[in-house]
Amino acid sequence: VVTYSSLISACANVGAWERALEFFQQMEACGLVANVVTYTSLISALHRAGEWARAVVVFKRMEVAGVQADIQAYNTLIAACASGAAWEKAWSIVASMRLAGVKPNTVSYNALMSACERCGEWERALEVFGRLESEGQDPQSPVRPNTISYNTVISACGKEGRWEEAMVLYRSMKTKGVKMDVVTLSSLVSACEKVGRWEDALQLFADAEKNGVVPNLFCFNSLISALGRGGQWEAALAAFERMQQAGFKPDVVTFSALISACEQGGGFERASGLFDEMKSLGIQPNGYIYSGLINACERAGDWDQALRLFREMQAEEIEFD
RNA sequence: AGCCUAUAGA
């Protein structure tokens with residue numbers, strides 16, 4: 001059973017939920033009885049693949065089989081609902097775990113906030129966060145907000161344009177002595193991007209670095225987007241430079257942000273230069289990038305170029321939406 | 001052997 005559980009979790013790690021399911025069935029065919037770890041590993045594989053409805057089915061099957069769900073099994077199921085953007089289901093699971101006498105912990109609340117985040121329910125996420133904080137009032141309580149809790153609510157607020165709320169959370173994080181990390185930084189910078197606060201994005205970057213956070217690709221990409229959205233294409237290109245000097249390889253997100261920044265202010269020439277650079281680095285442009293460039297050609301009245309891009313896109317079999 | 005978080009795009 002341990003061997004099969006390991007195999008299933010290995011499948012989960014590579015996103016192969018169908019393989020995971022096969023192993024599970026094979027195991028049962030051998031007459032072995034799955035335990036809570038086996039079930040949780042399978043649910044985790046489904047969660048990572050975004051197969052939340054199947055995850056719920058497997059959980060039910062586990063209960064029917066008389067296997068008691070523990071906290072990690074519940075938490076994994078909540079996470080599966082989060083990946084399926086099913087916050088109401090996630091909420092009801094927390095209720096049912098309480099009924100079953102399993103007390104939700106920090107990870108449970110974090111997963112629940114993540115479900116809210118995915119559904120744009122920033123107020124619900126804040127509500128859950130408030131619950132975590134009040135549990136943490138008791139110095140004995142292990143249930144209290146950690147870095148991931150903050151990151152999740154900050155992201156929930158930031159995504160919905162609640163910049164103020166995100167900043168309040170950031171300050172509270174500092175006050176409470178909860179360490180920030182690269183995820184905090186990229187979430188905050190992205191919150192700035194949503195509302196066009198590119199100067200604050202730069203400031204946050206500087207602050208984070210002062211606090212020992214070493215920005216990663218996500219952080220740089222967020223910064224480039226924030227600058228681009230703010231019409232600061234030159235600063236976006238400068239950030240792109242810095243990113244490469246820091247040793248990060250740009251990806252399709254980087255170029256997408258840069259190209260759209262240049263389409264807005266830096267001119268079509270620069271945008272198409274970046275497009276060529278991207279291809280020369282072996283990064284496959286996607287349909288959105290083509291669409292954006294084609295629109296830009298159209299605005300510049302360059303129909304030949306637009307047509308050339310369109311043919312190229314068809315030749316590469318890229319979906320145009 | 002199993003649980004939670006972040007980035008772009010008309």
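For the numbers below, each heavy atom of this structure counts, side chains included, while hydrogens, waters and symmetry mates do not. Reminder, nothing fancy here: chain letters follow the sequence lines and each chain counts from 1.
For the pair Lys159(A) and U7(B), the criterion of a side-chain N or O lying under 4.0 Å from OP1 or OP2 is met. Between Lys194(A) and A8(B) there is a side-chain N or O to OP1 or OP2 distance below 4.0 Å. In this structure, His47(A) reaches the C4(B) phosphate: one of its side-chain N or O atoms is under 4.0 Å from OP1 or OP2.
Glu22(A) pairs by the salt bridge (Lys or Arg N to Asp or Glu O under 4.0 Å) definition with Arg19(A), not counting sequence neighbours. Among residues two or more places apart in sequence or in another chain, the salt bridge (Lys or Arg N to Asp or Glu O under 4.0 Å) test is passed with Arg197(A) by Asp200(A). With sequence neighbours excluded, no residue satisfies ring pair (Phe, Tyr, Trp, His ring centres under 6.0 Å) with Phe218(A). For the salt bridge (Lys or Arg N to Asp or Glu O under 4.0 Å) test, residues two or more places apart in sequence or in another chain that qualify with Glu133(A) are Lys176(A).
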When the side chains of residues 9-17 of chain A are checked against the rest of the protein, which donor-acceptor pairs come out under 3.5 Å, sequence neighbours left out?
unit_1	atom_1	unit_2	atom_2	d
Ser9(A)	OG	Ser6(A)	O	3.3
Asn13(A)	OD1	Arg48(A)	NH1	2.9
Asn13(A)	ND2	Ser9(A)	O	3.3

Without placing hydrogens or testing angles, list every side-chain donor-acceptor pair under 3.5 Å for residues 226-240 of chain A, not counting sequence neighbours.
unit_1	atom_1	unit_2	atom_2	d
Arg229(A)	NE	Glu193(A)	OE2	3.2
Arg229(A)	NH2	Glu193(A)	OE2	3.1
Gln232(A)	NE2	Gly230(A)	O	3.3

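Listed by first and then second residue, the ring-ring contact (aromatic ring centres under 6.0 Å, His included) pairs that reach into residues 156-199 of chain A come to none, sequence neighbours excluded. Among residue pairs with one or both ends in residues 115-145 of chain A, those qualifying as ring-ring contact (aromatic ring centres under 6.0 Å, His included) are Phe129(A)-Tyr150(A); sequence neighbours excluded. For residues 44-81 of chain A, the pairs satisfying ring-ring contact (aromatic ring centres under 6.0 Å, His included) are Phe59(A)-Tyr74(A), with sequence neighbours left out.
Taking a 4.0 Å limit (strictly below) on heavy-atom distances, residues 197-209 of chain A does not reach RNA chain B anywhere. Remark: Val107(A), Asn110(A) in residues 91-110 of chain A come within less than 4.0 Å of RNA chain B through at least one heavy atom. RNA chain B is contacted by Ser222(A), Ser225(A), Arg229(A) of residues 222-231 of chain A, taking any non-hydrogen atom closer than 4.0 Å.
Evaluation of atom-type donor-acceptor distances gives a pair under 3.5 Å for the side chain of Asn216(A) against the base of A6(B).
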